[in-house]
Amino acid sequence: MFQTTNYSTDLSANYSLLSKQLDALLEGEKNVIANLSNAAALLNQFFDQINWVGFYLVEDGGLLLGPFQGLPACVRIQLGKGVCGTAAETQETIIVPDVHAFPGHIACDAASQSEIVVPIVKDSKLVGVLDIDSPIKERFSSEDAEGLEKFIEVLIKHI
């Protein structure tokens, strides 16, 4: 049974623990939707000062809303559009300190101020992106990017 964890002040250690929790949580389950749902819930429990966390999955040459935690969201995003579409197209993690300064930002929730998007690539093929929004500017750091990229490496084993 999963229990809420009180994380330490060491962000790197917290991300290491988070990835281990994800691996244990998804062990033995191969259903992509179930695993992405639990991954989104785990991240929602892990982060403070966020208002949305979830996945967009590649479908029909664009991104389709997948499992998430938060308010209703944009359903489809074109590759190259907004932060998610740009991260998907470049297959690089993007940290946006102020979403209002990002050209072409797609505002699904007016409360969002900053964002991080991490591409999910399995066997050299784009599967989707992890998207996390915050109502606070400059919420995400390079340490968050590194920790979330390791989280995605674990997730890829289970999807």
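Quick caveat, the model's predicted, so the values are computed rather than measured.
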Going by heavy atoms in the side chains, are [X] and [Y] under 4.5 Å from each other?
X: I132; Y: V118; value: no
X: Q21; Y: L42; value: yes
X: I120; Y: V58; value: no
X: D144; Y: Y15; value: yes
X: L63; Y: L79; value: yes
X: E115; Y: C84; value: yes

Please answer whether the main-chain N or O of [Y] pairs with a side-chain N or O of [X] as donor and acceptor at a distance below 3.5 Å.
X: R139; Y: I116; answer: no
X: D123; Y: K125; answer: no
X: N44; Y: Q69; answer: no
X: D131; Y: F55; answer: no

Nearest-0.5 Å distance that lies between atom [atom1] in [X] and atom [atom2] in [Y]:
X: L148; Y: L43; atom1: CG; atom2: CG; result: 6.5 Å
X: K157; Y: I152; atom1: NZ; atom2: CD1; result: 13.0 Å
X: I106; Y: I77; atom1: CD1; atom2: CD1; result: 4.5 Å
X: I95; Y: S114; atom1: CD1; atom2: OG; result: 10.0 Å
X: H105; Y: K81; atom1: NE2; atom2: NZ; result: 14.5 Å
X: N35; Y: I156; atom1: CG; atom2: CD1; result: 13.0 Å

Q: Determine, stepwise, if the pair I136 / Q113 fulfils side-chain contact (heavy atoms from CB on, under 4.5 Å).
A: CA-CA 5 Å; I136 297 165; Q113 298 293 315; 5.7 Å; no
**Q.** Atom NZ of K20 with >12 non-hydrogen neighbours under 6.0 angstrom
**A.**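 Not more than 12 within 6.0 Å, no.
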Q) Does a sphere of radius 6.0 Å around CD in Q78 hold more than 12 heavy atoms from other residues, nucleotides or ligands, not counting ones at 6.0 Å or beyond? A)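 Result for CD/Q78: open.
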Treating Ile, Leu, Val, Met, Phe, Trp and Tyr as nodes and any side-chain heavy-atom pair under 4.5 angstrom as an edge, say whether [X] and [Y] lie in one connected cluster.
X: L126; Y: I94; result: yes
X: L57; Y: V154; result: yes
X: L11; Y: L22; result: yes
X: I50; Y: L71; result: no
X: L130; Y: V121; result: no

Q: Check the pair V75 / L64 against side-chain contact (heavy atoms from CB on, under 4.5 Å), numbers first and verdict last.
A: CA-CA 6 Å; V75 175; L64 176 66; 3.7 Å; yes
Shortest non-hydrogen contact between [X] and [Y], atoms and distance:
X: L36; Y: P67; answer: CB-CG, 3.7 Å
X: C74; Y: L65; answer: O-CB, 3.7 Å
X: V129; Y: P119; answer: CG1-CA, 4.0 Å

(Q) Between F46 and V53, is the side-chain contact (heavy atoms from CB on, under 4.5 Å) condition met? List the steps. (A) CA-CA 11 Å; F46 173 76; V53 57; over 6 Å; no
Q. Which residue pairs satisfy the side-chain hydrogen bond (donor to acceptor under 3.5 Å, both in side chains) criterion with at least one member in residues 53-62, sequence neighbours excluded?
A.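 Output for this query lists E59-R76.
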Q: Measure the acute angle between the ring planes of W52 and F68, then classify it against the limits of 30° and 60° as parallel, tilted or perpendicular.
A: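 Ring orientation, 0 to 90° scale: parallel.
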